[in-house]
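These values consider heavy atoms only, across backbone and side chains, with no hydrogens, waters or symmetry-generated copies. Index from 1, following the sequence.
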Amino acid sequence: TFISHGCGGSYNINADPSVTMTEDTVDPETPPEFQYAKGSFKTLFNPVIDRHLPHLVGGLDVALRDIEAGEEIFDNYLTLVSNKADWKELVKGLKAQCKSK
């Protein structure tokens, strides 16, 4: 199954139902603190965690509402960022992608 980014908060799956940020409401210069709240990014390098970080950060998505048969699945890609260095580029890219729709 292919999952796209849900522009403007139109995502119907996510690992954390309390997340309400969208590409329009975030600051590209300031990553949200929840991504780093557990301190897992401050530990020593661990190649096992590094390889699986995208899954650990955002791989436990659940449906936020009933999804109809044949309906496209959208996630909030903003919650998949695993390091501060990628945040600005991701936000800029999502803004451009969503603006063209």
Side-chain angles (χ1 to χ4, degrees):
T1 302
F2 183 78
I3 300 172
S4 298
H5 173 69
C7 295
S10 65
Y11 49 93
N12 50 22
I13 67 168
N14 199 274
D16 183 354
S18 68
V19 173
T20 59
M21 66 181 171
T22 71
E23 65 283 345
D24 293 322
T25 63
V26 297
D27 179 0
E29 302 296 330
T30 310
E33 288 302 314
F34 80 89
Q35 302 286 53
Y36 314 101
K38 296 180 183 172
S40 60
F41 300 103
K42 297 176 185 171
T43 60
L44 294 174
F45 175 75
N46 181 325
V48 174
I49 291 175
D50 189 59
R51 279 188 223 110
H52 299 287
L53 200 51
H55 302 290
L56 296 171
V57 171
L60 304 172
D61 290 336
V62 296
L64 301 176
R65 60 174 175 74
D66 288 341
I67 299 173
E68 302 295 325
E71 182 179 354
E72 191 168 356
I73 298 174
F74 294 106
D75 199 351
N76 185 348
Y77 283 9
L78 295 170
T79 62
L80 303 178
V81 177
S82 59
N83 65 66
K84 292 180 181 184
D86 294 338
W87 176 254
K88 184 175 182 178
E89 288 304 311
L90 176 72
V91 172
K92 287 172 46 180
L94 290 176
K95 284 179 181 271
Q97 173 186 329
C98 293
K99 194 179 281 188
S100 69
K101 289 188 173 193

*Please name all residues satisfying side chain to side chain donor-acceptor pair (under 3.5 Å) with Ser18, sequence neighbours left out, ordered by chain then number.*
Asp16
*Measure across Glu68 and Glu71 and return the closest heavy-atom pair with its distance rounded to 0.1 Å.*
N-OE1, 2.9 Å
*Taking all atoms of both residues into account, what is the closest heavy-atom pair of Gly9 and Thr22, and its distance?*
N-CG2, 3.5 Å
Report the distance from atom [atom1] of [X] to atom [atom2] of [Y], rounding to the nearest 0.5 Å.
X	Y	atom1	atom2	answer
Glu23	Leu90	CD	CG	9.5 Å
Ile3	Tyr11	CD1	OH	14.5 Å
Trp87	Thr30	CH2	OG1	9.5 Å
Ile73	Asp61	CD1	CG	10.0 Å
Ile13	Arg65	CD1	CZ	11.0 Å

*asked:* Less than 4.5 Å apart, side chain to side chain, heavy atoms only: is that true for Asn12 and Glu72?
replied: no
*Any His5 side-chain heavy atom under 4.5 Å of Asp75 side chain*: no
*Using the side-chain contact (heavy atoms from CB on, under 4.5 Å) rule, pick out the option among Leu94, Thr25, Val19 that qualifies with Leu78.*
Leu94
*Any donor and acceptor pair, going by atom type alone, linking the side chain of Asn14 with main-chain N or O of Leu64 inside 3.5 Å?*
no
_Can you tell me if Lys88 has over 12 outside heavy atoms packed within less than 6.0 Å of its NZ?_
no
